[in-house]
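Numbers for residues simply follow the sequence, beginning at 1.
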Amino acid sequence: MFDKMKGTTPDLTVNNIEKLKQLFPEIMTDGKIDFEKLQLLLGKEIDDSPDRYNFTWHGKKETMQFAQQPSKGTLRPVKEKSKNWNTTENLYIEGDNLEVLKLLQKSYNNKVKMIYIDPPYNTGNDFVYKDDFKDSVDSYLELTGQKDNEGVKFNSNTESNGRYHTDWLNMIYSRLKLARNLLTNDGVIFISIDDNEQTNLEKVCDEIFGTENFVEKLIWKKRATPPNDRNIGRIHEYIIVYARDINVLSLGLLPRNKDSISRYTNPDKDPRGPWVASDLSANGKGGRFVSSLTYPIKNIETGEEFYPSDGRCWLFNKEKMNRYIKSGQVSFRKNSGSPFLKRYLSEVRDGLTLPTILLDFGFSSNSAIEIDNAFNKKGIFEYAKPTLLLKELIRVGCPNKDGIILDFFSGSATTAQAMMKLNAEDGGSRKFIMVQLPEILDEKSEAYKNGYHTICDIGEERIRRGGEKVKNDLIDKNNKEGLLSEGQINSDELDIGFKVFNLDTSNLNEWQADFDDIETKIDLFESNFVNGRSEEDILYEIILKNGLDLTYPINEVLTEGFKIYDVAFGNLFVCLNEKINRNVARKIVSLKDNYDIETSQVVFKDNGFENDTEKLNCYEILKDAGYQDSDLLSI
């Protein structure tokens, strides 16, 4: 009748096996993979030689397996911490990012346009997540003081630790492995790092994303002047960039500044507008058509002839060159008489390519001032990135002004504020997902003294304050420009809200049951739902595990005393009432028909039906309306 809904996230190992089956159906023998046959099919692409290149470390195998394991956890809504709950499409998630990434696999697979992360650099003082390859939700609740623990605390990863690099690699590998699944095919990831783990990070990314999808290694100048406490003053960090698929990657451009535009002038009053002199020659070594591109160009006024320099050739053949000379697009310098090509401002791309060396993208000192100003207090948070840097990376990484930006090491939530700034600047509708471990702050810290007890408290408050500032700045700008200014952005359409969710164990007893200890906990199953959990908690777990976005609209429909949740305009209907009867099913059919949609899912509380007859009636009514068995679920 009604199939039992699964309480775990997708099993990525099973998914990978299914993909192999589709590609190579002949490798299956008695339900198992015949790897010898798979090797035969792959032929020379298999390298099993003992001396092959292999990047490995202690715990890598367990890390890979652990990243594939399904999660039984859930994300519970926290409305009191949220802003503009009913309208916002932004998310802030408190929790261990490994477990959260697992929970996002179904709802956000292939939906994230850009990821930016600023993970721990493993400098010896920063926190490193200590994955122990067991149930992460329980570990997370213990570490954050939400559950009785055995004295486990956050630790820094010092160089005296015998597995200094290993711990960091185990931490970053599993998270990047899961994060890749969330990227769109044309998606891109930017990762900040310094010298401590930069080499290892590139090797990990080469393995996860593929060496062919390496885009660039950017160098960010983070200090205006070198420090005096080192033999050589280090003033930079790196930003590693990889594509999901470099063949379809399309990055945006930076806006042209006054300096780049001022290069273009029009001293000869060319009707085609401002131009800049450009070289007419190209590299001629080894070219097939060098002979046809090597000829004299004559300056008619002086009679002097010019050839390309040794090893080079002209850009165009003689016929095309003469046309350009005649039209004035190729001209001759007054002092030397040599030819040059006019590159017109009107013909160049509407922006500048992101350079590999980021010199004017804000300094670390700027970010400190930004946070001090945001909180009207010094010392609330250290080591954030400047919003200018993140804003320009988002401009390049998400050029269509739409799409999801994910940061699963969000810290003080610079990425969220930078994205809101950019949306206010270019009218974009980009959305963010911030994920942050609610690491408990030192009671002696300035932040704790001011009421911020976790890093999440800081991040959420910064988004609240930062969003209001972005909106007010836009209102002031619009007022100064006047109501009829061309391209003016409506401040009311700017999304400065966010929905807060908290990582927790499942809301259903059967989904988090430990069957080795089931006899001592059998009394919990008198109710299928965990004590203290709200109907809304359960609803969002159903939404998440059915693969729908957590920001989709929810409409509550009342019919004869029953409440039906209509999620995402009929994509999902949920009823968790007691004594459910056939009238509920009829109402669902009516709602679905009004939307005129082909596919939909229905979830009922399994023990909520009035009796077995009404359960059967509901099933038959929904089947007659076109629902498939796979669409009819119970919890």
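- Close placement of the Trp85 and Phe501 rings is indicated, their centers lying within 6.0 Å of each other.
- Two residues are said to be in side-chain contact when any heavy atoms from C-beta on lie closer than 4.5 Å; Ile380 and Glu461 fail this criterion.
- The two atoms that bring Ser429 and Asn423 nearest to each other are N-OD1, 3.7 Å, heavy atoms only.
- Phe66 carries Lys102 over the face of its six-membered ring, with the cationic atom under 6.0 Å from the centre and within 45° of the normal.
- Put simply, CD1 on Ile189 and CG on Leu406 are 8.0 Å apart, with the number rounded to the nearest 0.5 Å.
- Ion pair Arg343/Glu347 not flagged as a salt bridge, since none of the NZ, NE, NH1 or NH2 atoms sits closer than 4.0 Å to an Asp/Glu carboxylate oxygen.
- Annotation for Gly459 and Ala413: closest pair O-CB, 3.7 Å, computed over non-hydrogen atoms.
- A donor and an acceptor atom, one from each side chain of Thr211 and Asp206, are nowhere located under 3.5 Å apart.
- Atom CD1 of Ile261 is surrounded by more than 12 heavy atoms from other residues, nucleotides or ligands within 6.0 Å.
- Under a 3.5 Å cut-off, the side chain of Gln436 and the backbone N or O of Gly411 do form a donor-acceptor pair.
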Test side-chain contact (heavy atoms from CB on, under 4.5 Å) on Thr454 and Asp457; report intermediate values, then the result. CA-CA 5 Å; Thr454 69; Asp457 292 342; 3.4 Å; yes

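- Residues Phe363 and Arg223 have side chains not in contact (no heavy-atom distance under 4.5 Å, counting atoms from C-beta outward).
- Checked for salt-bridge contact, Lys469 and Asp473 meet the test: a charged N lies under 4.0 Å from a carboxylate O.
- Here the closest non-hydrogen pair linking Ser491 and Ile475 is OG-CG1, 3.5 Å.
- Aromatic ring centres of Phe381 and Tyr452: separated by at least 6.0 Å.
- Annotation for Ile232: atom CD1 does not count as buried by contact number, only 12 or fewer foreign heavy atoms lying within 6.0 Å.
- The structure places CG of Asp407 at 5.0 Å from CE of Met434, a figure rounded to the nearest 0.5 Å.
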Go through Asn170 and Thr63 one step at a time and tell me if the side chain to side chain donor-acceptor pair (under 3.5 Å) criterion holds. CA-CA 6 Å; Asn170 284 330; Thr63 295; 2.8 Å; yes

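- For the atom pair Ile489 CD1 and Leu494 CG, the distance stands at 8.5 Å (nearest 0.5 Å).
- Of all heavy-atom pairs spanning Thr387 and Arg462, the tightest one is CG2-NH2, 3.6 Å.
- Screening Trp57, Phe55, Trp168 for a ring-ring contact (aromatic ring centres under 6.0 Å, His included) involving Tyr173 leaves a single residue, Trp57.
- Between Phe214 and Tyr242, the angle of the ring planes goes over 60°, which puts this pair in the perpendicular group of the 30/60° scheme.
- Counting all heavy atoms, side chain and backbone alike, Thr265 lies closest to Ser262 at CG2-O, 3.9 Å.
- Residues Leu253 and Thr353 meet the side-chain proximity criterion, which asks for heavy atoms closer than 4.5 Å.
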Worked check of side-chain contact (heavy atoms from CB on, under 4.5 Å) between Asp195 and Arg234: CA-CA 10 Å; Asp195 291 283; Arg234 182 186 298 162; 3.2 Å; yes

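- Between Asp402 and Asn400, the side chains place no donor N or O within less than 3.5 Å of an acceptor N or O (distance only, hydrogens not considered).
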Step-by-step side chain to side chain donor-acceptor pair (under 3.5 Å) determination, Ser412 to Tyr383: CA-CA 9 Å; Ser412 67; Tyr383 310 119; over 6 Å; no

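- Residues Val276 and Val348 have side chains not in contact (no heavy-atom distance under 4.5 Å, counting atoms from C-beta outward).
- Separation of atoms CG (Leu389) and CG (Asp360) is listed at 12.0 Å; rounding is to 0.5 Å.
- At least one donor-acceptor pair under 3.5 Å links the side chain of Thr9 to the backbone N or O of Ser71.
- A distance of 5.0 Å separates CZ in Phe190 from CE in Met114, rounded to the nearest 0.5 Å.
- In this structure, Ser367 contributes its side chain and Ser364 its backbone to a donor-acceptor pair below 3.5 Å.
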Side chain to side chain donor-acceptor pair (under 3.5 Å) between Asp504 and Asn502: does it pass, once the steps are laid out? CA-CA 6 Å; Asp504 210 327; Asn502 183 32; 4.8 Å; no

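- More than 12 heavy atoms of other residues, nucleotides or ligands sit less than 6.0 Å from atom CG of Asp442.
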Candidate pair Leu441 and Ile455, rule side-chain contact (heavy atoms from CB on, under 4.5 Å), full reasoning: CA-CA 7 Å; Leu441 301 173; Ile455 292 179; 3.7 Å; yes

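- Lys401 places a side-chain N or O within donor-acceptor distance of the main-chain N or O of Asp426, the cut-off being under 3.5 Å.
- Using a cutoff of 4.0 Å between basic side-chain nitrogens and carboxylate oxygens, Lys471 and Glu468 are not scored as salt-bridged.
- For the pair Leu218/Leu393, a side-chain contact is recorded, criterion being any heavy-atom separation below 4.5 Å from C-beta on.
- Taken from CG in Asn90 to OG in Ser82, the straight-line distance is 11.0 Å, to the nearest 0.5 Å.
- Counting heavy atoms from C-beta on, the side chains of Phe409 and Ser192 never come closer than 4.5 Å.
- At least one donor-acceptor pair closer than 3.5 Å links the side chain of Asp245 to the backbone N or O of Asn247.
- Of the candidates Asn97, Leu182, Leu178, Asn97 is the only one forming a side-chain contact (heavy atoms from CB on, under 4.5 Å) with Phe408.
- A salt bridge links Glu541 to Lys545: one of the charged nitrogens lies within less than 4.0 Å of a carboxylate oxygen.
- Looking at every heavy atom in both residues, Asn109 comes nearest to Asn181 through ND2-O, 3.4 Å.
- Counting heavy atoms from C-beta outward, Ile543 and Ile554 have side chains that approach closer than 4.5 Å.
- Between Arg76 and Asp537 there is a salt bridge, since a side-chain N of the basic residue sits under 4.0 Å from a carboxylate O of the acidic one.
- Looking at Ser107, its side chain does come within 3.5 Å of a backbone N or O of Leu544 through a donor-acceptor pair.
- If you run side-chain contact (heavy atoms from CB on, under 4.5 Å) between Leu249 and each of Val188, Asn213, Val241, only Val188 comes through.
- At least one side-chain heavy atom of Ile117 sits less than 4.5 Å from a side-chain heavy atom of Leu176.
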Walk me through it: do Lys377 and Asn450 pass the test side-chain contact (heavy atoms from CB on, under 4.5 Å)? CA-CA 9 Å; Lys377 196 81 178 178; Asn450 282 271; 3.8 Å; yes

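- Looking only at distances, a side-chain donor or acceptor of Lys113 sits under 3.5 Å from a matching main-chain atom of Gly397.
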